[in-house]
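Heads up, the thing below is written out as structure tokens.
Numbers restart at 1 for each chain; the letters A, B, ... are given by sequence-line order, proteins then strands.
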Number of protein chains: 2
Amino acid sequence: MKLTARKIGAVLKSRGYRLTPQRNAILSAVTASHDHLTPTAIHEKVRREHKNIGLVTVYRTIELLAELGLICEVHSGGNCHSYLLRRPDQHHHHLICSGCGTVADFTSCDLSDMEQKVSRQTGFDINSHLLEFMGLCRSCQKDDRPEGSVSGAK
Amino acid sequence: MKLTARKIGAVLKSRGYRLTPQRNAILSAVTASHDHLTPTAIHEKVRREHKNIGLVTVYRTIELLAELGLICEVHSGGNCHSYLLRRPDQHHHHLICSGCGTVADFTSCDLSDMEQKVSRQTGFDINSHLLEFMGLCRSCQKDDRPEGSVSGAK
DNA sequence: CTGTAAATGAAAACGTTTTTCAACTGCGAG
DNA sequence: CTCGCAGTTGAAAAACGTTTTCATTTACAG
Ligand SMILES: [Mn+2]
Ligand SMILES: [Mn+2]
Ligand SMILES: [Zn+2]
Ligand SMILES: [Zn+2]
């Protein structure tokens with residue numbers, strides 16, 4: 001069942017959030033678009049009708065919608081990376097410990113079956129993928145931290 | 001065969017790049033660390049010995065090393081995202097067209113086998129993953145653009 | 001040693017995201 | 001319907017992270 005601006009509005013209210021004109025405008029912009037939009041792009045779109053809306057509001061609304069799982073986030077390849085020495089020669093992927101930041105490598109990645117399937121389903125000609133696992137490394141599982149005590153990189 | 005600062009230095013030279021003290025310092029910092037480091041983190045590390053090195057140089061060197069595949073890039077969850085309306089209710093992933101930016105959904109994702117395997121191999125307790133496919137959508141395959149003419153979002 | 005193209009650092013420009021705070025308003029209680 | 005207030009907003013500034021510019025320095029081939 002497809003999400004509409006109206007439905008999302010209802011979800012917001014049911015969760016105790018207010019349904020403001022600004023939020024409605026943002027909902028319309030997002031539901032109307034078949035693209036993925038950056039916060040700025042959303043702002044520009046919304047602005048056409050709602051000239052005075054602040055970019056801050058866009059950020060706040062996006063955050064809210066993402067939290068509630070009403071919008072999806074795409075990693076648009078921008079600049080939010082950290083780096084580490086390459087260890088395996090081969091194509092591989094990473095596991096990142098959300099406790100301490102440790103990164104482990106994973107080489108036996110076989111997405112080709114999935115890629116084929118997806119390719120057939122969608123008609124896309126796939127040429128690369130981004131795959132990362134998140135979790136707790138062995139030692140962080142033991143530590144069993146108090147909560148919210150991530151120390152790792154960044 | 002593990003990459004060392006020395007070996008990477010050799011690669012650089014063999015590719016016609018100069019081996020400067022700054023680059024060496026960065027290589028040492030990166031090879032010494034078992035963590036993934038942000039550009040700023042690398043800068044801070046390197047600075048201890050090489051007080052005058054500029055953050056610009058760190059950025060330039062990282063770019064170089066990444067291009068040559070000597071370091072790996074981890075998507076550290078920062079802020080480089082675009083957003084779109086959630087379409088499938090279920091857990092799913094995205095295919096992004098590098099031609100026009102179109103995003104397609106892919107629901108039949110089954111990484112659980114891989115997750116189990118990786119989990120066994122590394123001892124990680126995996127609780128989430130990031131998976132995205134990149135490629136050309138059907139219509140962009142036809143268009144066969146001149147080159148570098150991405151128009152999509154962002 | 002020298003000449004030259006490559007590399008560097010300081011500073012400024014940039015684009016994005018967050019913080020702050022005073023003003024405003026959606027909406028439920030009365 | 002009105003009132004009151006917690007929730008929401010916008011302007012502005014601060015905080016970031018990254019890139020550009022440009023004059024100066026330097027690695028290294030010849
Ligand atoms: Mn999604
Ligand atoms: Mn890697
Ligand atoms: Zn850990
Ligand atoms: Zn396309």
[X] [atom1] - [N] [atom2] separation (whole Å):
X       : N      : atom1 : atom2 : value
B/Ile62 : C/dA7  : CD1   : P     : 16 Å
B/Leu55 : D/dT20 : CG    : P     : 14 Å
A/His50 : D/dT9  : NE2   : C1'   : 10 Å
B/Leu12 : C/dA6  : CG    : P     : 15 Å
B/His43 : C/dT8  : NE2   : P     : 12 Å
A/Asn52 : C/dA23 : CG    : P     : 17 Å
A/Leu37 : C/dT16 : CG    : P     : 14 Å
A/Tyr17 : D/dA6  : OH    : P     : 17 Å

task = On DNA chain D, check which nucleotide each of B/Tyr59 and B/Pro21 is closest to and give me the residue with the more 5' one.
result =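 Taking each residue's closest nucleotide, the earlier one in sequence belongs to B/Tyr59.
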[X] versus [Y]: any side-chain heavy-atom pair under 4.5 Å?
X        : Y       : value
B/Asp105 : B/His94 : yes
A/Arg86  : A/His92 : yes
A/Leu37  : B/Ser82 : no

task = Kindly indicate whether the side chain of A/Arg60 and the base of D/dG7 share any N or O donor-acceptor pair separated by less than 3.5 Å?
result = no
request  = Establish whether the base of C/dA6 is bridged to the side chain of B/Arg18 by a donor-acceptor pair shorter than 3.5 Å.
outcome  = yes
Candidates [options] - which lies nearest the side chain of [X]:
X       : options                : value
A/Gln22 : C/dA11, D/dG10, D/dA27 : D/dG10
B/Thr20 : C/dG9, C/dA7, D/dG10   : C/dA7
B/Ile53 : D/dT18, D/dC28, C/dG9  : C/dG9
B/Leu19 : D/dT8, D/dC28, C/dA7   : D/dC28
B/Lys13 : D/dC28, C/dT16, D/dG17 : D/dC28

request  = Nearest-nucleotide wise, let me know which of B/Val56 and B/Arg23 is further upstream toward the 5' end of DNA chain C.
outcome  =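 Its nearest nucleotide being more 5', the pick is B/Arg23.
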message = Looking at B/Ser28, is its backbone amide N or carbonyl O close enough to the side chain of B/Thr31 to form a donor-acceptor pair, meaning the two atoms are under 3.5 Å apart?
response =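 Yes, the answer is positive, given that a donor and an acceptor are paired below the 3.5 Å cut-off.
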message = Would the pair B/Cys80 and A/Cys80 meet an SG-SG distance criterion of under 2.5 Å?
response = yes
